[in-house]
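Structure, as structure tokens:
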Amino acid sequence: MLTLKDLHVSFNGNEVLKGIDLTVNKGDVVSLIGPSGTGKTTLLRCINYLEKPSKGEISLADIHLNYQSIRKKDVLNLRRKTAMVFQQYNLFKNKTVVENVMEAQMVVQKKSKKEAYEKGIEELEKVGLQDKINSYPSELSGGQQQRVSIARALAVEPEVILFDEPTSALDPELVGEVLKVIEHVAKSGMTIVLVTHEMSFAQKISTKVAFMDKGRIVEEGPPAQIFTNSTMERTKEFVKR
Ligand SMILES: Nc1ncnc2c1ncn2[C@@H]1O[C@H](COP(=O)(O)OP(=O)(O)OP(=O)(O)O)[C@@H](O)[C@H]1O
Ligand SMILES: [Mg+2]
């Protein structure tokens, strides 16, 4: 479904991804864990080409690309098949909740206003915000805003949703409601790549966990292998914390 092969990324001559290979199957929930500055966000951002790798290949559904010969059309195709949920929700402040969820559907998918609205309502119901459709982001809690951004991601029916620490900007008491929604999305069969520091959550929902350190995937496997049965010192030391 999604494959990355020998991915390399440098910033100003400093290589931060040093040959990443990753396979994500349809319906997988793959969690990326690891210390700060290790390249987790950079890796996610390569999947929709927000970051330009110096080398590597990507396959996503029917797209197969070499990053060194990528064209503008390819970038658009990649972005049509992915949706990203950021730490800082990134909602339009001057648009209502439902307008936020309609925007990409109309601009990227060229849906009519009516279609986008109906799909928007459907997805907002799934995240429990049907009574907030006409509110503005500033009228919502952080947890509710993040649920809007999840509805927005679902609404474009991507092949894969990329979550980058979706709960780390939230007050502790709001984390649970967002994790519950993500768990629900995972159970619906959506393919997910998730960067998280919520270890027990990663352990619970992932089909696969990849532990990254210093620009490399050190170890990957089922949650039980990474969190309880790892034989690698670096992994053991990280998950112990
Ligand atoms: N635009 C950029 N320009 C220069 N360096 C960058 C840029 N983006 C990231 N880096 C560097 O690349 C490395 C990897 O960063 P990245 O944000 O991917 O780490 P991370 O694993 O997501 O960390 P965290 O857990 O703190 O979010 C870091 O050393 C970071 O400083
Ligand atoms: Mg990050």
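One-based numbering, in listed order, for ligands and for the atoms of each.
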Q. Under the 3.5 angstrom rule, does the side chain of S230 hit a backbone N or O of M232 as a donor-acceptor pair?
A. yes
So for M212 against ligand 1, with non-hydrogen atoms under 4.0 Å, the contacting part is neither
**Prompt:** Just wondering, is there an N, O or S atom on T41 that's nearer than 2.8 Å to the Mg ion (ligand 2)?
**Reply:** yes
Taking only non-hydrogen atoms of V16 and a 4.0 Å limit, the atoms of ligand 1 in range are 12 (O), 13 (C)
Note: K126-E123 ion pair, threshold 4.0 Å (strictly below): yes
Q.
Tell me whether E233 is salt-bridged to K236, with the criterion being a basic N under 4.0 Å from an acidic carboxylate O.
A. yes
Check: of T38, T41, L43, min heavy-atom distance to atom 17 (O) of ligand 1 comes from T41
query = At a 4.0 Å cut-off, with the gap strictly under it, does some heavy atom of E165 reach an atom of ligand 1?
reply = yes
If you scan protein heavy atoms around atom 6 (C) of ligand 1, the nearest is F11 CD1, 3.2 Å
Notebook entry, point to check: Can you check whether V97's main-chain N or O pairs, donor with acceptor, with N100's side chain at less than 3.5 Å?
Noted result: no
For atom 19 (O) of ligand 1, the closest protein heavy atom turns out to be G39 N, 3.3 Å
* Asked: Are any side-chain N or O atoms of K40 and backbone N or O atoms of G34, one a donor and one an acceptor, separated by less than 3.5 Å?
  -> yes
Nearest non-hydrogen contact to atom 24 (P) of ligand 1 from the set S36, C46, S168, S10 belongs to S36
Check: Using 4.0 Å as the upper bound for N to carboxylate O, is an ion pair formed by K81 and D62?
Finding: yes
Ligand 1 to T42, heavy atom cutoff 4.0 Å, flagged ligand atoms 14 (C), 15 (O), 16 (P), 18 (O)
message = I'd like to know if K119 pairs up with E115 as an ion pair, taking the criterion as any Lys NZ or Arg NE/NH1/NH2 lying under 4.0 Å from an Asp or Glu carboxylate oxygen.
response = no
So, for atom 31 (O) of ligand 1, does the protein have a heavy atom nearer than 4.0 Å?
no
A student comparing R45, K214, K40, E15 should find that the heavy atom closest to atom 21 (O) of ligand 1 comes from K40
* Are more than 12 heavy atoms from other residues, nucleotides or ligands located less than 6.0 Å from atom NZ of K214? -> no
heavy-atom search around atom 14 (C) of ligand 1 in the protein gives G37 O, 3.5 Å
